[in-house]
Amino acid sequence: MKFGISYNSAYYGVDPERITAYARHAEDCGFESLYLPEHIALYPGAAVGPFELPPSLPYGDPLDCLSFVAAATERILLGTGVLLLPYHHPVVLAKRLATIDVLSKGRMRLLTVGLGSLPGEAQAVGVDFSTRGRRTDEAIDVMRLLWEGGEEGVSFAGEFFAFDDLCQFPKPYGVTYLPIHVGGSSRAAARRAGRRGDGYFPGGALDLNERAIQLDLARSTAVEAGRSPEALEYTRWGSIDMPVEQVEALAAQGVTRIVVNPSAPELDQQRDEMSAFAERFALRLGSPA
């Protein structure tokens, strides 16, 4: 089992010293990865399910924050949970991601993408809310094409994006393309993970039966697409105080990575929570000295 930790700038802020201290302590504890969420813009009345989002929440740009973290750390992998892919132009995004991966020496490896659930946010960036799924599929294809392409250039003609003989460098650090995990809590998200993803990271308050159905759907869709279902990573959210028995239960469900959130509001308390978690699961034993 791999263990990641999330830093939610909406609630913990974007103070640079706090972000780097948090990330360094997570790395020292042996956490594999650090995740940040994204919202590009909010507005009064914006809500995710029953939870209204105060419009003043300071969501920092996750990729800018991760680039900043990369300069202050050495080993911890960089992830998003989730990046709202249909609201980004994939040509620009492919460049940003590859650049972070090069500057971090191969640590931008846990990009997790989602569709977004706020119609006003989509409208603000000029995206038809009803096309988010198709845009996301196309954006994934565009980014992989650009990462794989050479000096001869690559071309693409889709519903939303088109270009001819395009070249983009630098390439990701030592790999053909960066892994892309798919977030969401729907069967459509599970199918997208199977068709195009390197992993599935479902959220939502789903029961065990629905989670099993979605994982089976992701794997069967991978088979139909000629891809290996065994190569599909399966990430789930967990709590910082979760017991060993709960982790064992998730492992039995096929989970390969758990991402936890601290429950304490202050940095010193969050450090204590991270340290206790690391001790409970012997994370430091798997980390370089």
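What you see below is based on every heavy atom in this structure, not just the backbone, and it leaves out hydrogens, waters and symmetry mates.
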S.K.: Can you check whether D198 reaches L178 side chain to side chain, under 4.5 Å on heavy atoms?
M.R.: no
S.K.: Take R219 and Y200 through the side-chain contact (heavy atoms from CB on, under 4.5 Å) test and state the conclusion after the steps.
M.R.: CA-CA 10 Å; R219 289 172 171 169; Y200 185 37; over 6 Å; no
S.K.: For the residue pair R24 and A72, what are the closest heavy atoms and their distance?
M.R.: NE-O, 3.1 Å
S.K.: For the residue pair L146 and F163, establish whether any side-chain heavy-atom pair is separated by less than 4.5 Å.
M.R.: yes
S.K.: Are R135 and Y87 packed together at the side-chain level, in the sense that at least one heavy-atom pair is separated by less than 4.5 angstrom?
M.R.: no
S.K.: Could you walk me through whether Q214 and E210 pass the side-chain hydrogen bond (donor to acceptor under 3.5 Å, both in side chains) check?
M.R.: CA-CA 6 Å; Q214 290 190 14; E210 179 62 22; 3.0 Å; yes
S.K.: Taking the side chain from S6 and the backbone from L36, do they hold a donor-acceptor pair closer than 3.5 Å?
M.R.: no
S.K.: Between D137 and R134, is the closest basic N to carboxylate O distance under 4.0 Å?
M.R.: no
S.K.: Under the side-chain contact (heavy atoms from CB on, under 4.5 Å) criterion, do L85 and M143 qualify, and how do the steps go?
M.R.: CA-CA 11 Å; L85 182 52; M143 291 195 295; 4.0 Å; yes
S.K.: Determine the interplanar angle of the F277 and F3 rings, folded into 0 to 90°, and report it as parallel if under 30°, tilted if 30 to 60°, perpendicular if over 60°.
M.R.: perpendicular
S.K.: For the pair D64 and R96, find out whether any cationic side-chain nitrogen is under 4.0 Å from an anionic carboxylate oxygen.
M.R.: yes
S.K.: Can a donor-acceptor pair be found, under 3.5 Å and without considering hydrogens, that links the side chain of R107 to the backbone of A70?
M.R.: yes
S.K.: Under the criterion side-chain hydrogen bond (donor to acceptor under 3.5 Å, both in side chains), I'd like the reasoning laid out for E38 against T80: C-alpha separation, chi angles, the key distance, then a yes or no.
M.R.: CA-CA 8 Å; E38 177 177 53; T80 57; over 6 Å; no
S.K.: Answer whether the closest heavy-atom distance between the side chains of M242 and V247 falls below 4.5 Å.
M.R.: yes
S.K.: Take the angle between the ring planes of W237 and F201 and call it parallel below 30°, perpendicular above 60°, tilted in between.
M.R.: tilted
S.K.: Applying ring-ring contact (aromatic ring centres under 6.0 Å, His included), run through H25 and F31 and close with a yes or a no.
M.R.: CA-CA 9 Å; H25 191 72; F31 283 93; 8.8 Å; no
S.K.: Under the side-chain contact (heavy atoms from CB on, under 4.5 Å) test against H88, which residue among T136, V125, I40 passes?
M.R.: I40
S.K.: Check whether any side-chain N or O of R132 sits under 3.5 Å from a backbone N or O of G116 as a donor-acceptor pair, and report yes or no.
M.R.: yes
S.K.: Do C65 and Y7 come close enough that some side-chain heavy atom pair is under 4.5 Å?
M.R.: no
